[in-house]
Number of protein chains: 2
Amino acid sequence: MTASINDVARAAGVSASTVSRALRGRPGVSDEVRDQIKAVAAQLGYTASRSASSLASGRTFTIGVLVPYVGRWFFGTVLDAAEQVFSAAGYDVLLYNLGSPETRKRFFTRLPVRKRVDAVLTLLIPEEEESAALRSLGVPLATTVGGARPGFTVVGIDDRAGTENAVRHLVNLGHRRIGMISGSSGPLHWTTPIDRRNAYLDVLADAGIAHDPALEADGDYTVEGGERAMTELLAVSRPPTAVFAQSDEMAMGALRALRRHRLRVPEDVSVIGFDDHELADVVGLTTVAQPVADQGAEAARLLLRQLDELGAEPPGQVRMPIRLVLRETTAPPSPRGPQ
Amino acid sequence: MTASINDVARAAGVSASTVSRALRGRPGVSDEVRDQIKAVAAQLGYTASRSASSLASGRTFTIGVLVPYVGRWFFGTVLDAAEQVFSAAGYDVLLYNLGSPETRKRFFTRLPVRKRVDAVLTLLIPEEEESAALRSLGVPLATTVGGARPGFTVVGIDDRAGTENAVRHLVNLGHRRIGMISGSSGPLHWTTPIDRRNAYLDVLADAGIAHDPALEADGDYTVEGGERAMTELLAVSRPPTAVFAQSDEMAMGALRALRRHRLRVPEDVSVIGFDDHELADVVGLTTVAQPVADQGAEAARLLLRQLDELGAEPPGQVRMPIRLVLRETTAPPSPRGPQ
DNA sequence: CTGTTAGCGCATTCAT
DNA sequence: ATGAATGCGCTAACAG
């Protein structure tokens, strides 16, 4: 039914080897014959079977991409950009959505990407054994999340610097009671929340502000979590006049909580986020912008480079720039404080 | 380096066929031997090469998913849900991000999924020739977007009913000048904007409201487009007191435009969206909710069913329920009108 | 229940 | 520049 290389060979009056060479642009075929073969192949609608060619050559021209939640803006955006780079280079993308613990566990025990991909880009932070499993694949590895890890090319941002920008902005506005909504859960090796927390503590210390543990709440990196966390922060005896959320989604949850409590932003409470979510602008959220799509594209490019120059050293760690985006959710504290 | 079926066979003291049968749970192997083989395979870290097995069996256990923009909430959410269903059934997902015209064209001319997938789920609306190209693959086809199309299982919602809900809500609140922000561009076969527009016109007619073409603007299904469209609507001589946006993202753009024009929502202008975006709640957007993830999951299930019962008829069209979600961006028109 | 024999469709030597 | 042979790792049909 669907044409094979032999059909093309027969129709063109040449051997299968010549067809293979001609279609893949390899040398050793006269231009005349090559054009002939191309014409015949096009007419027959021939495409080489990926299964057969990767079985024969050992290369799959496929990249595995591991994602915790495709539906979340951050991951979707990274994936989108990475896919474009891969497909432009002739690679297909195999997507693994590993949000639930069961799916994730199954993936790492069965490792379905084995012998299926030429490289892996992971947007989730592998635990130690998971990293080892990925390394055992023997293919180039990259990630856009988490800190440096042996065997991985990591494209990221300076979380400390980003956080310092955010918290200092609040300090400079005159805030002294500055809360933080973090995403503390997650794998142990996820250094992001830790780095951001440390930077937060440092800025407070620098400003001579005593740290109050009651001003920290966990928002689980979701809108709902951010809302819960903000609600908690409002319940403490002296609520914060400003809040730094470790992600825009949590910041938006915080905005919702504040609205429900009939508090005005930024008059009663200032809020600053992290990411520059596509909708941050819609709600006027002040935030630390990171180049999300660029990180995905860059990670993809670095992976492709390793595939091209097979002996090449993995590039290690790459930092992308961040910047503070001032909008309308931050202002000096009101003289009377919240409420 | 990596173990092959023969390594397992040798280590277990059986033939390769027995290993193949044992590991795939096929009958004709004693429990004793099967357990033995499983143990050996696990110990050797053996996984069957997908290339080899699909070459031999003709099945790829892979589904191709075509997406216009992975980064957009709607598509990301559908993809997320569909992937979970596929992977739970043991299928891998090959992702094709076909947002740009060049990528899209290249995809449909080269058809890289040929011989690579057992089925295709498309989240973009194929043009007529594109549909034909997909049908030529000879595999089950499904989509969650657009109207009925021969050869495709389509899982969707009742766009007309959803729109009627939205516009009637505005009419019932007392609005007479009701604008619409649509997404008119896109492929000819995309009936969604057309269905929604027709429903909008019908409700107006039913309510005895004359249709004013100046009250329609194109928002391109993006936040920015929605903002531009709203700005246009505000510039007409008698601006609308209420606006129906064909997507939440355009509605959010409209909210931003209104904020920039210092108009209050809903006091000055009411806004209603469509989708129930995950952040619609954050901005208090009244909208028509559609079960986005469910549509992806259902389409995936229907595809798998066709794969199981090979002779089975494609299910045709499936409608999922919609419902109006009342929040805070709609209210009766102010007596004095906008401004 | 198990082993043997053939391919699946291509890429890659090695000849010529 | 081209063709013939070989094998990638597996599944399926056929024996026994």
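Lettering follows sequence order; numbering is per chain, from 1.
- Sorted by first and then second residue, the ring-ring contact (aromatic ring centres under 6.0 Å, His included) pairs involving residues 111-142 of chain B (not counting sequence neighbours) form an empty list.
- Among pairs with a residue in residues 55-82 of chain B, none fulfils salt bridge (Lys or Arg N to Asp or Glu O under 4.0 Å), at least two apart in sequence or across chains.
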Exercise for the section: Check the pair B:D118 / B:T60 against side-chain hydrogen bond (donor to acceptor under 3.5 Å, both in side chains), numbers first and verdict last. Expected result: CA-CA 6 Å; B:D118 292 341; B:T60 65; 2.9 Å; yes

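- Residues B:I157 and B:P291 meet the side-chain proximity criterion, which asks for heavy atoms closer than 4.5 Å.
- Looking at B:K105 and B:E102, no side-chain N of the basic residue comes within less than 4.0 Å of a carboxylate O on the acidic one, giving no salt bridge.
- The salt bridge (Lys or Arg N to Asp or Glu O under 4.0 Å) contacts involving residues 8-17 of chain A comprise A:D7-A:R10, where partners must be two or more places apart or lie in separate chains.
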Scan nucleotides 5-9 of chain C against the protein and return all N/O pairs shorter than 3.5 Å with their distances rounded to 0.1 Å.
| residue | atom | partner | partner atom | Å |
| --- | --- | --- | --- | --- |
| C:dC8 | O2 | B:A56 | N | 3.3 |
| C:dG9 | N2 | A:A52 | O | 3.2 |

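- Considering only heavy atoms from C-beta on, B:Y91 comes within 4.5 Å of B:L304 through its side chain.
- Between its two ends, the helix from C:dC1-D:dG16 to C:dT16-D:dA1 turns its axis by 30°, counting five pairs per end and rounding to 10 degrees.
- Rounded to an integer number of Å, the gap from CZ of A:R50 to C1' of C:dA11 is 14 Å.
- For A:T18, the side-chain hydrogen bond (donor to acceptor under 3.5 Å, both in side chains) criterion is met by A:S15, not counting sequence neighbours.
- The ring-ring contact (aromatic ring centres under 6.0 Å, His included) contacts involving residues 63-82 of chain A comprise A:W73-A:H277, where partners must be two or more places apart or lie in separate chains.
- A heavy atom closer than 4.0 Å to some atom of DNA chain C occurs in B:G28, B:V29, B:S30, these being the qualifying members of residues 23-32 of chain B.
- As a whole-Å value, the separation of A:R59 CZ from C:dC10 P is 18 Å.
- We find that CZ of B:R34 is positioned 11 Å from C1' of C:dC1, with the value rounded to whole Å.
- Other residues, nucleotides and ligands place no more than 12 heavy atoms under 6.0 Å from the CD atom of A:Q43.
- Residue pairs meeting the ring-ring contact (aromatic ring centres under 6.0 Å, His included) criterion with at least one member in residues 94-144 of chain A, sequence neighbours excluded, are A:Y96-A:F107.
- The stretch residues 6-39 of chain A participates, sequence neighbours left out, in no ring-ring contact (aromatic ring centres under 6.0 Å, His included) pair at all.
- Each salt bridge (Lys or Arg N to Asp or Glu O under 4.0 Å) pair with one or both residues in residues 16-43 of chain A, not counting sequence neighbours, would appear here, but there are none.
- Interface limits on DNA chain D: the 5'-most and 3'-most nucleotides within less than 4.0 Å of chain A heavy atoms are D:dA1 to D:dC10.
- For the OP1/OP2 pair of C:dA11 and a distance below 4.0 Å, the side-chain nitrogens and oxygens of A:S20 include at least one atom meeting the criterion.
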